[in-house]
Amino acid sequence: MTVYFIGAGPGAPDLLTLRAKSLIERCPVILYAGSLVPQEILQFADGSADLTNTALLSLGEIITAFQEAAMKGKDVARLHSGDPSLYSAIAEQIHHLKKLDIAYEIVPGVPAFAAAAAAMGQELTLPDVCQTVILTRSSKRASSVPDSEQLKNLGASKATLAIHLSVKNADQVADQLIPHYGKECPVVIAVEISWPGEKIIKTTLEHLTSDITTHNIERTAIIFVGQALD
């Protein structure tokens, strides 16, 4: 029995990897990350599969589900949005699986920042302008960000920033980055990438907060900042 941590990609079912789709089709137990995993992806599951939305479950309840599946010898497809290497909270789950001696495997998925760059129709790096991309988030939600990784410090690199989980903290994002990038620095707000409501909004650091308010963006968005976006 194995628990498969599967990157379900940014949303569109045809952006699943072949390995991910195959596992979803054959695993008899599927735990998925709530509304972040669209129903179109869950439709690949076998009709007899046990599907559980983990959005309202505690870590302890999720681990219990793993244990119950292990006792029955049933493989588990644990679906996370995007790629499991970023902001997926798999580390704490893996910690418990190791203690319980339950096998696990990580299956990569298309990360949201890469899908967003594709939707934007451009690279995130540009010769002689920027050769570095930093994936990060601001400090207002979930766990705290180390002081050394605050935007006011990362901005000194002038790299392209892909800022996750931060649309409700846009004023802080702008305040910390304008001293490094300037008010007119290009910004792209990538919203619900590969979902039916996908939006690509081009703006600047000066107008970041007002544009987020104007377009009523509340979640599921990445803020890109950097001169390579121009």
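These numbers come from a predicted model, not from an experiment. What you see below is based on every heavy atom in this structure, not just the backbone, and it leaves out hydrogens, waters and symmetry mates.
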**Message:** Just so I know, are the side chains of Val129 and Asp230 near enough to count as touching, which here means a heavy-atom distance under 4.5 Å?
**Reply:** no

**Item:** Polar side-chain atom of Lys158 near backbone of His180 as donor-acceptor pair, under 3.5 Å
**Value:** yes

**Prompt:** Going from CG on Leu165 to CG on Leu86, what distance comes out if it is rounded to the nearest 0.5 angstrom?
**Reply:** 10.0 Å

**Request:** Answer yes if Leu208 and Leu177 sit in the same cluster of Ile, Leu, Val, Met, Phe, Trp and Tyr residues linked by side chain heavy atoms under 4.5 Å apart, and no otherwise.
**Result:** yes

When the side chains of residues 75-82 are checked against the rest of the protein, which donor-acceptor pairs come out under 3.5 Å, sequence neighbours left out?
{"residue": "Asp75", "atom": "OD1", "partner": "Thr2", "partner atom": "N", "Å": "2.9"}
{"residue": "Asp75", "atom": "OD2", "partner": "Arg26", "partner atom": "NH1", "Å": "2.9"}
{"residue": "Arg78", "atom": "NE", "partner": "Gln93", "partner atom": "OE1", "Å": "3.1"}
{"residue": "Arg78", "atom": "NH1", "partner": "Thr54", "partner atom": "OG1", "Å": "3.1"}
{"residue": "Arg78", "atom": "NH2", "partner": "Thr54", "partner atom": "OG1", "Å": "3.4"}
{"residue": "His80", "atom": "ND1", "partner": "Ser88", "partner atom": "O", "Å": "3.2"}
{"residue": "His80", "atom": "NE2", "partner": "Gln93", "partner atom": "NE2", "Å": "3.4"}

**Message:** On a heavy-atom basis, which atom in Ala190 and which in Ala116 lie closest, and how many Å separate them?
**Reply:** CB-CB, 3.8 Å

**Message:** Under 4.5 Å between side-chain heavy atoms, counting indirect links through other Ile/Leu/Val/Met/Phe/Trp/Tyr residues: same cluster for Val225 and Phe113 or not?
**Reply:** no

**Asked** Rounded to the nearest 0.5 Å, how far does CD of Gln67 lie from CD1 of Ile62?
**Response** 12.5 Å

**Prompt:** Any sub-3.5 Å donor-acceptor pair from Glu149's side-chain atoms to Pro146's backbone N or O?
**Reply:** no

**Prompt:** Can you get from Tyr87 to Ile106 by hopping between Ile, Leu, Val, Met, Phe, Trp and Tyr side chains that sit under 4.5 Å apart?
**Reply:** no

**Request:** Flag yes if more than 12 heavy atoms outside Asp14 fall under 6.0 Å of its CG atom; otherwise flag no.
**Result:** yes

**Prompt:** Asp147 versus Gln150: any side-chain heavy-atom pair under 4.5 Å?
**Reply:** yes

**Message:** I need the Ile6 CD1 to Leu23 CG distance, nearest 0.5 Å.
**Reply:** 4.5 Å

**Request:** Without swapping roles, check the side chain of Asn53 against the backbone of Gly34 for a donor-acceptor pair under 3.5 Å.
**Result:** yes

**Message:** Tell me if a side-chain donor or acceptor on Ser138 pairs with a main-chain N or O of Val173 at a distance below 3.5 Å.
**Reply:** no

**Message:** Lys72 vs Glu68, test: salt bridge (charged side-chain N to carboxylate O under 4.0 Å, His left out). Steps then yes/no.
**Reply:** CA-CA 7 Å; Lys72 297 175 183 177; Glu68 292 175 349; 5.7 Å; no

**Prompt:** Considering all heavy atoms of both residues, which atom of His164 and which atom of Ile222 are nearest to each other, and what is their separation?
**Reply:** NE2-CD1, 3.7 Å

**Asked** Are Leu59 and His96 close enough, and set up right, to give a side-chain contact (heavy atoms from CB on, under 4.5 Å), and what steps lead you there?
**Response** CA-CA 10 Å; Leu59 174 61; His96 287 279; 3.8 Å; yes

**Message:** Determine whether a donor-acceptor pair (N or O, by modelled atom type, separation under 3.5 Å) exists between the side chain of Asp83 and the backbone of Gly109.
**Reply:** yes

**Ile217 side, atom CD1; Ile201 side, atom CD1 - distance, nearest 0.5 Å** = 3.5 Å

**Prompt:** So, does Asp46 use its side chain to make a donor-acceptor pair with the main chain of Pro28 at under 3.5 Å?
**Reply:** no

**Item:** Backbone of Leu154 reached by a side-chain donor or acceptor of Ser157 within 3.5 Å
**Value:** yes

**Message:** side-chain contact (heavy atoms from CB on, under 4.5 Å), that's the test. Do His215 and Val191 meet it? Break it down for me.
**Reply:** CA-CA 10 Å; His215 291 276; Val191 186; over 6 Å; no

**Prompt:** Sub-3.5 Å donor-acceptor pair from the side chain of Gln131 to the main-chain atoms of Leu126, do we have one?
**Reply:** yes

**Prompt:** Shortest non-hydrogen contact from Ala8 to Ile41?
**Reply:** O-CD1, 3.5 Å

**Request:** To the nearest 0.5 angstrom, please state how far the CD1 atom of Ile189 sits from the CD1 atom of Ile212.
**Result:** 4.5 Å

**Message:** Donor-acceptor check, side chain of Tyr181 to backbone of Ala159, threshold 3.5 angstrom: yes or no?
**Reply:** yes

**Item:** ILVMFWY cluster, Met1 and Tyr4 together (side-chain gap under 4.5 Å)
**Value:** no

**Non-hydrogen atoms of Arg137 and Ile163 that approach each other most closely** = CA-CG2, 4.0 Å

**Asked** More than 12 heavy atoms of other residues, nucleotides or ligands under 6.0 Å from CG of Asn153: is that the case?
**Response** yes

**Message:** Checking Gln176 against Asn169 for the side-chain contact (heavy atoms from CB on, under 4.5 Å) test, could you report, in this order, the C-alpha distance in whole Å, the side-chain angles of both residues, the deciding distance, and whether it holds?
**Reply:** CA-CA 11 Å; Gln176 292 194 24; Asn169 201 19; over 6 Å; no

**From Leu161 atom CG to Cys130 atom SG, the distance as rounded to the nearest 0.5 Å** = 8.5 Å

**Aromatic plane relationship, Tyr104 with Phe5 - under 30° parallel, 30 to 60° tilted, over 60° perpendicular** = perpendicular

**Prompt:** Quick one: are Leu31 and Leu57 in side-chain contact, heavy atoms under 4.5 Å?
**Reply:** no

**Complete:** Taking every heavy atom of Leu229 against every heavy atom of Gln122, the minimum-distance pair comes out as CA-NE2, 3.3 Å

**Complete:** On a heavy-atom basis, the closest approach of Ser35 and Trp195 is O-CH2, 3.2 Å

**Asked** Quick one: does Thr203's side chain have a donor or acceptor within less than 3.5 Å of a partner on Asp211's backbone?
**Response** no

**Request:** Please test Leu97 against Phe66 for side-chain contact (heavy atoms from CB on, under 4.5 Å), starting from the C-alpha separation and ending with a verdict.
**Result:** CA-CA 8 Å; Leu97 290 177; Phe66 292 157; 3.6 Å; yes

**Request:** May I ask whether Ile94 and Ile102 are part of the same hydrophobic cluster, defined by side-chain heavy atoms of I, L, V, M, F, W, Y residues being less than 4.5 angstrom apart, directly or through others?
**Result:** yes

**Prompt:** Given side chains that start at C-beta, do those of Thr125 and Thr160 come closer than 4.5 Å, heavy atoms only?
**Reply:** no

